[in-house]
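Below is one structure, written out as structure tokens; the observations come after it.
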Number of protein chains: 2
Amino acid sequence: MRAGLSIGRAAREAGVGVETIRFYERQSLVQQPPKPDGAGVRRYPAIAVERIRFVREAQELGFSLREIKELLALRADPAADCAEVREQATAKLDEVHRKISRLQEIGTALERLIATCPGRGGLQACSIMDALTLRSGGHSEASKTPAHLDSKPAKG
Amino acid sequence: MRAGLSIGRAAREAGVGVETIRFYERQSLVQQPPKPDGAGVRRYPAIAVERIRFVREAQELGFSLREIKELLALRADPAADCAEVREQATAKLDEVHRKISRLQEIGTALERLIATCPGRGGLQACSIMDALTLRSGGHSEASKTPAHLDSKPAKG
DNA sequence: TATGGGTCCGTACTATAGTACGGAATCAAG
DNA sequence: CTTGATTCCGTACTATAGTACGGACCCATA
């Protein structure tokens, strides 16, 4: 066995599918290793597997592939400063906090709906359907031509 | 002005773009109204705007368009029971809770990383990069051919 | 009636993150 | 050397939720 792993082996080591590695290569997230010395198939060095793991770990932390590419570029830059990475991580943390808040709002709204829903009988009594249909009120009023929106469509 | 709104007007009333309405129509989320009596353009009745709002409200609550289609089908079914809707909402609430948990894990991990990162200097000292590169350890050990994985790839 | 905006409709494209396919070449084992 | 599994490579397709485009047509207004 020559140095390095087959793509299938590398995939198993990194915990991804073969097609995923190829996809990452197409996206320039990981480098495609050469076929050593006239061989027909490529050999993946340990560092390639490491890199794929880096991508996965970063994904676990909520980074998109685009962001991961930036992190990798940073990592390859000898002049890169830790502050830049920290900034990225902090921005991502903010994003995570925002998402949590939004989901908590959604959860609260759903809870309220579920609590008032009778849970049986026709939909005419279903508070959930009501809420979806009637919220942010004024749909029938709105159809009564609010006048300030009527005369001219303003912007194209 | 004939009964109903132009698509542009309907879009504004519903708070979406014209193309979004067309998209919803293609997806059978909302019905395409007829062109009244030989007219060249369609007229959107208030109920169509209501339906688009329904879609938007449900999206706000985290339902996908596919799920919203199911809710709409339910709504159109005279035999539909409130329990079905409640079940959908409850399942969605569970999903929301799971997402929040996951995001909280991610947030905690990011916080730990940020806390230990020096915040300046080269990346060799950056704990964030370290964590991404080295977590779920054993990548170098794994490349040492664990033997139980080596002989036969098991399944095709 | 001319003009400019709105609408119609099909098709194609965006972004995200892969997954699947098919045929040829290659590799490892018997 | 044959067989069966992998690999290679390009292309196409999945799902999600739209957005954009181009030419033709329609409609209201000056």
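Below, chain A is the first sequence line, B the second, and so on; all start at residue 1. Computed from a predicted structure; not experimentally measured.
- In this structure, B/Y24 reaches the sugar-phosphate backbone alone: every heavy-atom distance under 4.0 Å involves primed, P, OP1 or OP2 atoms, never a base.
- In this structure, A/C117 SG and B/E87 CD are separated by 11.0 Å, a value rounded to the nearest 0.5 Å.
- For B/R26, whose side chain is taken as the heavy atoms from C-beta onward, the closest listed nucleotide among C/dC9, D/dT7, D/dT19 is D/dT19.
- Between B/T20 and D/dT19, a side-chain N or O to OP1/OP2 separation shorter than 4.0 Å is present.
- A cation-pi arrangement, defined by a distance under 6.0 Å to the six-membered ring centre and an angle within 45 degrees of its axis, is present between B/R75 and B/F54.
- Projected onto DNA chain D by closest heavy-atom contact, B/G38 and B/R56 fall at different nucleotides, the more 5' of which corresponds to B/R56.
- Nearest nucleotide to the side chain of A/V41, out of D/dT7, C/dT7, D/dC9: D/dT7.
- Distance from the side chain of A/R42 is smallest to D/dC8 among D/dT7, D/dC8, C/dT7.
- OP1 or OP2 of C/dT7 has at least one side-chain nitrogen or oxygen of B/S6 nearer than 4.0 Å.
- The side chain of A/Q32 places no N or O atom within less than 4.0 Å of a non-bridging phosphate oxygen (OP1 or OP2) of D/dC8.
- Listed nucleotides D/dG18, C/dG18, C/dT7 differ in distance to B/L65; the shortest reach to its side chain belongs to D/dG18.
- For B/E60 and A/R102, the salt-bridge test passes: some basic side-chain N is under 4.0 Å from an acidic carboxylate O.
- B/R43 has its CZ atom 11 Å from the C1' atom of D/dC26, to the nearest Å.
- Counting non-hydrogen atoms under 4.0 angstrom, B/R22 reaches a base of the nucleic acid.
- How far CD1 of B/I68 is from CZ of B/R56: 9.0 Å, rounded to the nearest 0.5 Å.
- When each of D/dA12, D/dC27, D/dA17 is scored by its nearest atom to the side-chain atoms of B/Q59, the top-ranked nucleotide is D/dA17.
- With C/dC8, C/dA20, D/dA20 as the candidates, the nucleotide lying closest to the side chain of A/E19 is C/dA20.
- Listed nucleotides: D/dT19, C/dC8, C/dC27. Nearest to the side chain of A/A39: C/dC27.
- One hydrophobic cluster, built from ILVMFWY side chains closer than 4.5 Å, holds both B/V16 and B/V18.
- We find that NZ of B/K69 is positioned 12 Å from P of D/dA15, with the value rounded to whole Å.
- Residue-level contact check: A/E67 touches neither bases nor backbone, having no heavy atom under 4.0 Å from any strand.
- When the nucleotides C/dC9, C/dA17, C/dA12 are ranked by their closest atom to the side chain of B/K35, C/dC9 comes out on top.
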